[in-house]
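Below you'll find the structure, written out as structure tokens, and then a few comments.
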Amino acid sequence: MSVAEIFQTMDYGPAPESAAPAQEWLATHTEEFGHFIGGAWTVAASHFPSTNPANGNVLAQIGQGTDTDIAAAVAAASAALAGWKAQGGAQRARFLYALARQVQKHARLFAVLETLDNGKPIRETRDIDIPLVIRHFYHHAGWATLLETEYPGYEAVGVCGQIIPWNFPLLMLAWKIAPALAAGNTVVLKPAEFTPLTALAFAEICHEAGLPAGVVNIVCGDGETGAALAAHGDVDKIAFTGSTEVGRLIRAASAGSGKKLSLELGGKSPFIVYEDADLDAAVEGVVDAIWFNQGQVCCAGSRLLVQEGIAERFAAKLKRRMATLRLGDPLDKSIDIGPVVAPVQLQRIRDLVQQGVAEGGTLFQADCPLPEKGNYFPPSLFTGVEPASTVMAVEIFGPVAALMTFRTPDEAVQLANHTRYGLAATVWSENINLALDTAARLKAGVVWVNATNLFDAAAGFGGYRESGFGREGGREGMFEYLAADWLKQLPDLAAGDAVKLAVAPSETIAAGDGIDRTAKLFIGGKQVRPDSGYSYAVLNHKGASIGQAGLGNRKDIRNAVEAAVKASAWASATAHNRAQVLYFIAENLSARTDEFAGRLRAMGQTPASAKAETAMAIERIFFYAAQADKYDGRVHATRTRHVTLAMNEPFGVIGVVCPDQAPLLGLISLVMPAIAMGNRVVAVPSPRQPLAATDFYQVLETSDLPSGVINLVTGDRDELTKTLAEHDEVACLWYHGDAAGCAAAERASAGNLKSTWTNNGKAFDWRNSAQGQGVEYLRRATQIKNIWIPYGE
Ligand code: NAI
Ligand code: MG
């Protein structure tokens with residue numbers, strides 16, 4: 001080929017990276033691994049192979065972890081916990097620095113090993129995965145140093161069971177292990193069965209870095225091993241990344257266990273291109289969005305939403321670009337796309353693509369030659385699809401994008417949010433107003449403006465809705481590995497406090513004077529009769545009837561949720577306006593102090609106690625009124641020339657099931673932080689003592705609170721909770737009740753993967769302001785959205 005010809009084609013030959021360092025390392029282990037437990041290697045009872053997706057060759061035999069292995073690893077982590085915590089943040093920071101440096105030192109080995117085991121191009125492991133891993137350990141070394149000053153009143157959760165997927169094996173390990181260790185936890189981590197090798201190499205690094213035995217344990221195996229880890233009774237926290245399906249199983253299985261849980265699940269992320277976007281940049285964006293890591297990325301921009309006027313031009317540019325993608329041996333440094341991780345994943349992609357074609361979608365595939373061996377799938381683009389098409393709705397986890405058009409920004413947002421997921425989103429526009437307005441309206445935990453798939457240890461990552469809950473990375477991610485001291489020290493509810501209310505329904509009977517004195521429900525700003533037409537007698541401490549409360553049912557809950565959904569303007573009201581309404585509520589309650597105290601006395605409280613509870617309730621409303629415009633977000637320090645905005649956004653509708661222990665104060669303590677942050681609430685007051693709550697709606701009626709922001713449905717706690725927990729429009733559930741009720745609430749919340757906060761069968765002391773009030777409540781009432789905005793020419 002002449003030089004002139006080379007300039008014409010700009011073709012270049014293969015530039016293979018040597019597999020030697022990884023092969024040598026595998027040879028030192030005679031290509032066979034046990035588990036890393038208590039600082040030493042075990043001999044596994046049985047093995048399964050890990051293969052190279054580029055050619056099907058077996059790389060090594062991996063131990064299949066059994067219940068006994070899990071038990072041994074959890075025991076080692078438990079034994080190491082006290083000592084690791086006692087080392088203190090400064091000392092733990094040294095270990096995290098040492099881990100970062102060791103990974104840096106062995107960066108080439110890690111990059112090659114990851115490529116061999118997973119199939120992702122060496123360009124990605126070398127330039128993205130491993131550098132991010134190193135950055136993550138350095139960043140979290142810093143959090144260890146700062147723990148005592150930045151998180152006062154918080155401590156390590158305990159033993160963490162961590163289960164990770166195969167798409168970013170070492171990076172997911174870093175995301176899990178670095179914050180856990182920084183906070184003083186110990187861990188048992190289970191890598192994915194397709195890609196265990198870098199985790200095993202990391203185990204060696206822990207040894208080299210002198211990490212105390214048992215602080216990090218690695219047990220390999222499949223889903224059964226993962227399930228055993230998640231189910232182990234001495235695990236205090238589960239962190240899972242993987243499919244939504246398994247996330248849901250783990251949510252249901254761990255219900256009532258008291259384990260802290262974070263789930264980072266699937267996605268079907270929108271990628272919006274407005275007509276004023278820099279189209280060439282946006283095309284490169286698509287390459288990074290869906291052909292990065294063969295599309296096996298939970299936040300992959302797989303739904304391309306392109307404004308109508310430019311759609312044809314954009315699709316043409318995109319197809320031209322697809323033709324230049326190079327697919328082949330992932331160890332070749334000039335390769336863009338490698339094989340997918342396993343034959344089963346390849347088959348899954350093929351099936352979904354076939355379904356897309358069968359449903360009438362138009363499939364375009366880049367005309368790149370596929371290697372004969374290996375799990376290769378060509379970069380693919382669907383057009384002619386609809387929102388309900390399989391390829392637009394289902395996470396394919398392969399190099400397949402689907403393109404639809406839209407006309408207006410409203411339509412773009414509507415289409416973008418038309419999904420059960422909410423992990424990430426991308427917006428391309430040269431108009432900053434439009435881009436930021438769109439970013440604010442997207443239901444996703446991460447939004448990239450004029451860029452895509454940007455990650456940094458200083459920014460949180462995690463989903464809305466069925467993409468899971470909790471964040472990884474940054475200040476917000478640390479909370480997943482910390483627990484407030486007071487929460488850890490709560491006593492169990494006394495037996496007497498957990499008696500189930502025996503509700504004896506009776507027909508609403510008018511009193512002798514013909515006037516119905518049954519307290520009503522409060523839905524959509526109106527006092528309404530319960531759908532059932534029934535009420536129940538409310539008894540005081542001596543068993544005497546002090547009134548009737550409405551017996552709400554599932555229909556009432558549904559109506560209340562509908563009213564709460566409609567009240568969405570509350571979320572976009574200014575924080576100042578919300579604060580003013582809360583101040584007004586406080587003042588109006590204040591004016592009726594004697595009446596409320598009287599109600600509490602009638603329920604059996606002493607005059608002093610009744611007065612104290614009412615006074616604290618008022619104080620607490622003032623606290624959240626004050627916080628409404630102060631609990632705000634941050635700008636994270638991530639990359640150069642980037643503003644990464646961490647916004648505290650409301651969940652939407654929160655279900656609040658109130659405790660019996662403080663009938664007025666409990667309700668106020670839960671409802672006020674929720675609405676201060678812009679949520680709307682459907683609250684179930686204490687079934688035993690509902691009358692303070694039903695009196696309270698008279699206060700609400702005179703306080704300028706928009707209708708539907710607070711809804712009150714009295715009745716049987718567990719029955720109403722079930723409807724709330726199963727309702728798809730309820731994004732978050734706070735539950736107070738007995739241990740069995742907590743378990744049921746968490747289990748029923750698995751459906752749409754609600755974020756839940758229960759009392760775990762413990763007794764909160766509502767009158768102690770360190771427990772019943774605080775920023776912890778605001779944190780639980782919000783989810784953080786990270787918006788990445790580049791600047792500079
Ligand atoms: P998966 O969710 O089954 O696997 C993820 C991890 O969970 C692995 O370590 C696995 O061993 C473990 N696991 C499996 N069943 C478990 C159980 N019952 N209890 C505890 N741990 C369990 O995902 P899989 O089967 O590898 O992939 C299937 C689909 O899931 C993919 O096609 C993709 O759509 C999605 N996925 C999403 C990921 C994400 O990051 N969002 C990552 C991996 C897969
Ligand atoms: Mg493999």
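Bear in mind that the values here come from a model prediction, so they are computed numbers and not experimental data. Atoms within each ligand, like the ligands themselves, are counted from 1 in listed order.
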Would you call Asp332-Arg123 a salt bridge at under 4.0 Å N-O? no

Is a salt bridge present between Glu649 and Lys785, judged by a nitrogen-to-oxygen distance below 4.0 Å? yes

Under 3.5 Å side-chain donor-acceptor pair for Thr198 and Glu114: yes

Is it true that a side-chain atom of Gln345 and a backbone atom of Phe397 form a donor plus acceptor pair closer than 3.5 Å? yes

Say whether Thr390 and Glu359, considering side chains only, have a donor N or O and an acceptor N or O under 3.5 Å apart. yes

Any protein N, O or S atom under 2.8 Å from the Mg ion (ligand 2)? Found Thr51 O, Asp117 O, Asp117 OD1, Phe194 O

The criterion is salt bridge (Lys or Arg N to Asp or Glu O under 4.0 Å); which residues satisfy it with Glu124, sequence neighbours excluded? none

Using the side-chain hydrogen bond (donor to acceptor under 3.5 Å, both in side chains) criterion, which residues pair with Gln23? Sequence neighbours excluded. none

Enumerate the protein residues lying less than 4.0 Å from ligand 1, judged by heavy-atom distances, in chain and residue-number order. Ile163, Ile164, Pro165, Trp166, Asn167, Lys190, Pro191, Ala192, Glu193, Asp222, Gly223, Gly226, Ala227, Phe240, Thr241, Gly242, Ser243, Val246, Ile250, Leu265, Gly266, Cys298, Gln345, Arg348, Glu395, Phe397

Salt-bridge criterion met for Glu476 and Arg471 (N-O under 4.0 Å): no

Do the side chains of Asp236 and Lys259 get close enough for a salt bridge, i.e. N-O under 4.0 angstrom? no

